Amino acid sequence: LSDRGGEMPFFENDAGDASTDSLFARRDGAARHVVPVAPGDSWLPAHPPQVIKVDVEGFEPEVLRGLGTTLCSPTLRAV
């Protein structure tokens, strides 16, 4: 999720458990992948959530900006 559609780099930092994979290379030689991103508002209307949990290692502002309409939904109970 993001505040815009498109693609972004995502780095596999090779911790073996995905705990340090992120939008930033945290070690030399981190594998770079290009992944699609989209605002949550672009696909959540089909599946309106009651609860949203965001855990994106520092990318929270972008994710929340892409959820503007969803965050105002009367069916949403918690973030």
Side-chain angles (χ1 to χ4, degrees):
L1 295 179
S2 182
D3 54 354
R4 63 189 179 285
E7 295 181 331
M8 293 188 69
F10 186 80
F11 294 91
E12 184 179 353
N13 288 299
D14 201 25
D17 62 0
S19 64
T20 61
D21 295 346
S22 72
L23 298 173
F24 308 100
R26 296 178 188 233
R27 67 167 184 83
D28 290 339
R32 183 182 189 269
H33 304 278
V34 176
V35 297
V37 295
D41 282 344
S42 69
W43 57 272
L44 284 175
H47 310 282
Q50 291 184 13
V51 176
I52 297 175
K53 180 182 186 306
V54 179
D55 182 9
V56 291
E57 302 297 325
F59 203 64
E60 290 84 358
E62 290 84 350
V63 170
L64 293 173
R65 277 194 300 269
L67 290 169
T69 301
T70 302
L71 293 174
C72 295
S73 170
T75 61
L76 185 63
R77 296 174 30 212
V79 178

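Since this is a predicted model, take the numbers as computed values, not measurements.
Here NE2 of His33 is found 9.5 Å from CZ of Phe11. Values are rounded to the nearest 0.5 Å. For the atom pair Leu64 CG and Ser2 OG, the distance stands at 11.0 Å (nearest 0.5 Å). Atom CZ of Arg65 and atom CZ of Arg4 lie 8.5 Å apart (nearest 0.5 Å). Atom CG of Asp41 sits about 9.5 Å away from atom CG of Leu1, to the nearest 0.5 Å.
Residues Val51 and Trp43 are members of separate hydrophobic clusters, defined by side-chain heavy-atom contacts under 4.5 angstrom among Ile, Leu, Val, Met, Phe, Trp and Tyr. Residues Val79 and Val56 are members of one and the same hydrophobic cluster, defined by side-chain heavy-atom contacts under 4.5 angstrom among Ile, Leu, Val, Met, Phe, Trp and Tyr. Hydrophobic cluster membership differs between Phe59 and Val34, with clusters built from Ile, Leu, Val, Met, Phe, Trp and Tyr side chains linked at under 4.5 angstrom.
Heavy-atom minimum distance, Val37 versus Glu7: CG2-N, 4.1 Å. Among all heavy-atom pairs drawn from Pro39 and Gly5, the shortest one is CD-N, 3.7 Å. Nearest heavy-atom pair across Pro48 and Ala46 is CD-C, 3.6 Å.
Every residue two or more places apart in sequence or in another chain that forms a side-chain contact (heavy atoms from CB on, under 4.5 Å) with Asp55 is listed here: Lys53, Glu57. Partners of Pro49 under the side-chain contact (heavy atoms from CB on, under 4.5 Å) rule, at least two apart in sequence or in another chain, are Leu44, Ile52, Thr70, Leu76.
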